[in-house]
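Values below: all heavy atoms of this structure, side chains included; hydrogens, waters and symmetry mates excluded. In the text below, chain A, chain B and the rest are named by the order of the sequence lines, each starting its count at 1.
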Protein chains: 2
Amino acid sequence: MTAIEQTEAARPRGTRLPRRARRNQLLGAAQEVFVAQGYHAAAMDDIAERAGVSKPVLYQHFPGKLDLYLALLDQHCESLLESVRTALASTTDNKLRVYATMDAYFAYVEDEGGAFRLVFESDLTNEPAVRDRVEKVSLQCAEAISDVIAEDTGLSRDQSMLLAVGLGGVSQVVARYWLASSSPVPRDQAVQLLTSLAWRGIAGFPLHGAEH
Amino acid sequence: MTAIEQTEAARPRGTRLPRRARRNQLLGAAQEVFVAQGYHAAAMDDIAERAGVSKPVLYQHFPGKLDLYLALLDQHCESLLESVRTALASTTDNKLRVYATMDAYFAYVEDEGGAFRLVFESDLTNEPAVRDRVEKVSLQCAEAISDVIAEDTGLSRDQSMLLAVGLGGVSQVVARYWLASSSPVPRDQAVQLLTSLAWRGIAGFPLHGAEH
DNA sequence: AAAGCCGTGGAGGTCAAGATCGGCGTGCAG
DNA sequence: CTGCACGCCGATCTTGACCTCCACGGCTTT
């Protein structure tokens with residue numbers, strides 16, 4: 001009953017790859033395993049087997065498990081930040097901006113083979129390197145949103161950051177819920193609904209800080 | 001250089017406690033360690049030492065590490081759900097309801113020695129038992145909120161659930177951010193700000209589903 | 001007051017998983 | 001044709017954390 005035979009899944013088993021290509025393949029395999037199992041439950045053996053190589057080659061490309069994880073995490077943090085910034089810059093109509101940004105979160109959660117789990121549902125937040133990266137990307141996204149809010153309302157820096165964190169948080173939480181609940185509401189409609197909620201909330205701020 | 005001496009921190013060292021009290025003390029010690037270190041980094045030795053007992057007694061009260069964690073998790077899930085339900089039932093004025101509910105999340109995050117981390121920042125979400133509990137309490141909170149929304153607006157069940165998940169998400173995310181950012185804005189004001197945002201957003205829905 | 005019992009304490013077993021060493025096959029230069 | 005170099009694999013080591021076995025001391029009973 002030992003694991004001897006399940007190596008047939010995705011194995012050229014014996015093909016020699018150039019170094020760069022091998023590295024990318026290893027990253028792909030690692031992503032699948034990390035997304036499916038989480039960091040702790042994922043074993044280096046699993047990743048190697050998924051990639052169709054043996055463990056030593058894995059260690060010839062990455063010094064350790066953490067480095068492998070961080071490489072993926074950096075990649076997808078960058079991706080999220082870029083999506084959000086692109087969405088914010090895609091228009092000057094603030095309501096459309098809200099829609100585009102929300103939609104960016106939905107797209108991010110839906111695409112990329114579930115890689116969003118590495119950022120939003122990591123089980124390695126105790127590791128300072130991971131915590132730093134996750135907090136940093138959250139902060140950077142919030143700051144990008146906050147800049148727009150602060151520019152178009154009379155709110156202070158701290159206040160607009162609170163709202164920005166909130167808007168990013170809604171997008172992220174609802175997008176994950178929407179994905180997990182097998183999408184009873186179509187994506188367009190969900191984003192539209194959230195946009196209505198958020199836009200009405202935001203649009204009330206321009207002239208007055210916070211009345212009664 | 002072995003660790004021999006740091007057992008002096010909180011030790012009656014030798015006191016015999018009634019079973020119930022001992023169990024509570026163990027739960028307290030476990031909570032401190034789990035909150036500070038996370039599940040994986042926390043060692044049973046640490047918990048036993050923190051409580052001033054030896055490992056066998058720990059295992060006489062709890063079958064294993066997971067059971068100990070689940071006991072704490074259940075406790076604090078229950079606590080959150082009760083706080084949210086109490087807040088929702090505290091008034092019939094919907095705007096005050098929003099304020100009370102947001103404030104419940106802030107209070108939950110601020111109090112209880114950081115226990116919210118067990119629910120919102122667990123590093124054991126891959127364990128099905130943990131995942132089930134966390135998802136369940138999120139869903140129950142969202143349903144409680146959703147009931148109020150569905151009752152007072154013309155939105156469908158699915159739509160009001162999306163909004164409810166969003167509102168719970170904002171509260172949770174912003175409360176955590178507020179706590180972590182060493183509170184540059186006083187709690188009352190932060191809750192007030194969020195309430196304004198959310199209430200304006202929600203109050204637009206009563207009569208019409210979602211126009212343009 | 002003496003003896004037994006029950007719970008406590010420290011030391012050890014087991015096992016999984018991250019990290020590594022000697023052989024092997026392949027492709028190329030001379 | 002032959003030797004060399006390079007990348008890959010099977011098998012192994014070690015660490016660390018969860019989880020139990022032999023001595024000891026206070027409380028109860030006659």
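Of the side-chain N and O atoms in A:Arg22, one or more sit less than 4.0 angstrom from OP1 or OP2 of D:dC8. A close approach under 4.0 Å does occur between a side-chain nitrogen or oxygen of B:Gln60 and OP1 or OP2 of C:dT8. Within the 4.0 Å cut-off from OP1 or OP2 of D:dC19, at least one side-chain nitrogen or oxygen of B:Tyr59 is found.
Side-chain contact, B:Tyr69 with B:Ser122: a donor N or O sits under 3.5 Å from an acceptor N or O.
Considering only the side chain of B:Ser54, C:dG9 comes nearest among C:dG9, D:dC9, D:dC18. Closest to the A:Val57 side chain, of the nucleotides D:dC9, C:dG10, C:dG18, is D:dC9.
Between B:Leu66 atom CG and D:dA17 atom P the separation is 17 Å, expressed in whole Å. The NE2 atom of B:His40 sits 18 Å away from the C1' atom of D:dT15 (whole-angstrom rounding). For the pair A:Leu58 CG and C:dA17 P, the interatomic distance rounds to 15 Å; values are reported in whole Å. When rounded to the nearest whole Å, the span between CZ of B:Phe34 and C1' of D:dA17 equals 13 Å. For the pair A:Asp67 CG and C:dG18 P, the computed distance is 13 Å after rounding to whole Å. What separates CE of A:Met44 from C1' of D:dC9 is a distance of 16 Å, to the nearest Å. In this structure, CD of B:Gln37 is placed 14 Å from C1' of D:dA17, rounded to the nearest angstrom. Rounded to an integer number of Å, the gap from A:His61 NE2 to C:dA19 P is 16 Å.
Residue order along DNA chain C, read from the 5' end via each residue's closest nucleotide, puts B:Lys55 first among B:Lys55 and A:Ala43. Mapping B:Pro56 and B:Lys65 onto DNA chain D by nearest heavy atom places B:Lys65 at the nucleotide closer to the 5' end.
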Would you please test A:Arg157 and A:Asp147 for salt bridge (Lys or Arg N to Asp or Glu O under 4.0 Å) and show each step? CA-CA 9 Å; A:Arg157 199 103 209 120; A:Asp147 286 344; 2.7 Å; yes
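Across all strands, A:Ala42 comes closer than 4.0 Å only to sugar-phosphate atoms, never to a base (heavy-atom distances).
Remark: B:Leu155 CG to B:Met161 CE distance equals 13.5 Å, nearest 0.5 Å. Put simply, CD on A:Glu121 and CG on B:Asp123 are 13.5 Å apart, with the number rounded to the nearest 0.5 Å.
Ring to ring, B:Tyr108 and B:Phe116 are not that close: their centroids are 6.0 angstrom or more apart.
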